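Heads up, the thing below is written out as structure tokens.
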Protein chains: 2
Amino acid sequence: MYTVKQLSTLAGVTPRTLHHYDRIDLLKPEEVGENGYRYYGQQSLLRLQQILFYRELGFSLESIRDILNRPDFRIVDALEEHRSSLQGRVRRLERLIRTVNETIQHLKGETKMNDRRLFAGFGEEQQEEYARQAEQLYDPETVRASNRKWKSYPVAKKQAILEEGRQVYLDMAAVMSQGPASPEVQAIVERWRVHMDYFWTPGLDQLLELAAMYSQSPDFKANFDQIHPQLADFMGEAVRVYVENQR
Amino acid sequence: MYTVKQLSTLAGVTPRTLHHYDRIDLLKPEEVGENGYRYYGQQSLLRLQQILFYRELGFSLESIRDILNRPDFRIVDALEEHRSSLQGRVRRLERLIRTVNETIQHLKGETKMNDRRLFAGFGEEQQEEYARQAEQLYDPETVRASNRKWKSYPVAKKQAILEEGRQVYLDMAAVMSQGPASPEVQAIVERWRVHMDYFWTPGLDQLLELAAMYSQSPDFKANFDQIHPQLADFMGEAVRVYVENQR
DNA sequence: CTTGACATTGACGTTACGTCATAGTTTATA
DNA sequence: TATAAACTATGACGTAACGTCAATGTCAAG
């Protein structure tokens, strides 16, 4: 059993916050002594953790209370949602970091920057959008279409296409030192995009997804890493720059 | 020249926000028409970008105004500060993600978890703390002491120490597949810590800094990547787990 | 038995806007 | 060219999540 002070230091909040959460029926102590003191136990810890996760993600205390009180609330499911939401937050911060870097280069006169890019990463929370894109990439129809197109080529052409792809990646590895935003690298991204047409024609969002897969899927990454240990990650970065420039 | 609506959509804020910023002398329009309309130009864009960065990082509007109005304010310096602050935020979110994962494992009964770890990543904003650590790591006295100790060894011993270090990293690469939290990996982190004593004796926080440097400093990372393409990043993760367990 | 750290319940203050309401201005379109 | 749609302005009050007192009671240690 924790007292208010103990729980507050444990969780990194103030005692006042716990008073507030009690008042609004968000987190009630499990026991109250005859002196009126609040005492919290294990259940409170897990509930407070959930509250803090939701709060971190921008939920209002009222909606948090409603969520946690729903009879079909499953804590493990919620935690898995938190994970992907937090990962989304990381991606957003990484975009902001890129905006910082580009602005520095812009101010030093090394590159030019349009006004929209000055604010890239600030507004966009769009999590729903992301789900839609992923769906489309893994959509069975997309996969089937891709396979059909690929199978329609004669063997010799297949080999030529694979070799062309390999050459794109080799060329990319050769100019990695120029940086993801360099004209050399961006030209190769363009070649890569054209190359993908042999399989199917991805939209801009799907390009991003593809490049992300190169980093995330272990077997893809292993192949790329044979060419250069950072090629997969670098491709992701270069394609992100490419897509931003296209919009 | 942008109108209120135009700038607001560009920057991802509401018109009301721009009204507010005008009222409190945080962001004044560069021109005001005879009809009272506000018009914003390039200088406003850069200033608004700064405002949004500081706001993102939790500064109050009042302190932002004071910062931006200081005569010695340098925008590029500020942007570089933003970058490292944002990187700190990313690290904090990554700790929260680890807390999510550990909680899930805990609830599934696969591992045990003490109450403190339930809240790891929530309280710690400690940016000041971080600055202090970094200062101590790069502190000239620390560097000199490290050099003195190193130079005091005879040549043969120097070679033996370097070889020992290399062996630690090779062994680490061999057990990477076990995961950063595995006993095998953690045992090698312990060996690594002892090994560091040849140079100087870092505290827990400095261990973290060192491991982070392996990923961030290009020359360090290049060396590590020769052993294994992900060794530097993996070391960082393993050391973080180690430090959390030690506390 | 007193001191200091903790606990309680009000109650008002603060920050960064949201949300109307009222009214004038510009732009698109019929 | 009339008029609606979309923008602009300035109040002024509302709000969320606590912070910050204030007044008072409780407990553990020396």
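Bear in mind the structure is a predicted one, so any value in this text is a computation, not a measurement.
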5'-most by nearest nucleotide on DNA chain C - B:Glu62 or B:Asn35: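 The residue whose closest nucleotide sits nearer the 5' end is B:Glu62.
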Closest-nucleotide 5' rank along DNA chain C - winner of A:Arg16 and A:Gly36: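 Upstream on the strand: A:Gly36.
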Salt bridge B:Arg240-B:Glu237, side-chain N to carboxylate O under 4.0 Å: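 Salt bridge flag = yes for B:Glu237 with B:Arg240.
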Residues A:Glu56, B:Arg92: salt bridge by 4.0 Å N-O rule: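 Salt bridge between A:Glu56 and B:Arg92, a charged N being under 4.0 Å from a carboxylate O: yes.
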Once you round it to whole Å, what is the distance between [atom2] of [N] and [atom1] of [X]?
| X | N | atom1 | atom2 | answer |
| --- | --- | --- | --- | --- |
| B:Tyr37 | C:dT27 | OH | C1' | 10 Å |
| B:Arg23 | D:dA9 | CZ | P | 12 Å |
| B:Arg65 | C:dA16 | CZ | P | 10 Å |
| A:Tyr40 | C:dA7 | OH | C1' | 12 Å |
| B:Lys5 | D:dA9 | NZ | C1' | 16 Å |
| A:Leu18 | C:dA7 | CG | P | 10 Å |
| A:Ile24 | C:dG10 | CD1 | C1' | 17 Å |
| B:Ile51 | C:dA16 | CD1 | P | 12 Å |

Nearest listed nucleotide, side chain of A:His20, among D:dC18, C:dA7, C:dT26: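 It is D:dC18.
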Answer yes or no: does a side-chain N or O of [X] lie under 4.0 Å from OP1 or OP2 of [N]?
| X | N | value |
| --- | --- | --- |
| A:Arg38 | C:dT8 | yes |
| B:Thr3 | D:dC7 | no |
| B:His19 | C:dC17 | no |
| B:Arg55 | C:dA16 | no |
| B:Thr14 | C:dG18 | yes |

The single option from A:Leu7, A:Ile51, A:Leu52 passing side chain to side chain contact (heavy atoms under 4.5 Å, CB included) against A:Val13: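 Among A:Leu7, A:Ile51, A:Leu52, the one that satisfies the side chain to side chain contact (heavy atoms under 4.5 Å, CB included) with A:Val13 is A:Leu52.
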Atom pair CZ (B:Phe53) and CD1 (B:Ile75), whose distance is rounded to the nearest 0.5 Å: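 Rounded to the nearest 0.5 Å, the CZ-CD1 separation comes out at 10.0 Å.
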Heavy-atom neighbours of B:Lys28 NZ exceed 12 at 6.0 Å: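 Yes.
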Sugar-phosphate only, base, or nothing, as touched by B:Tyr21 at under 4.0 Å among non-hydrogen atoms: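 Sugar-phosphate contact only.
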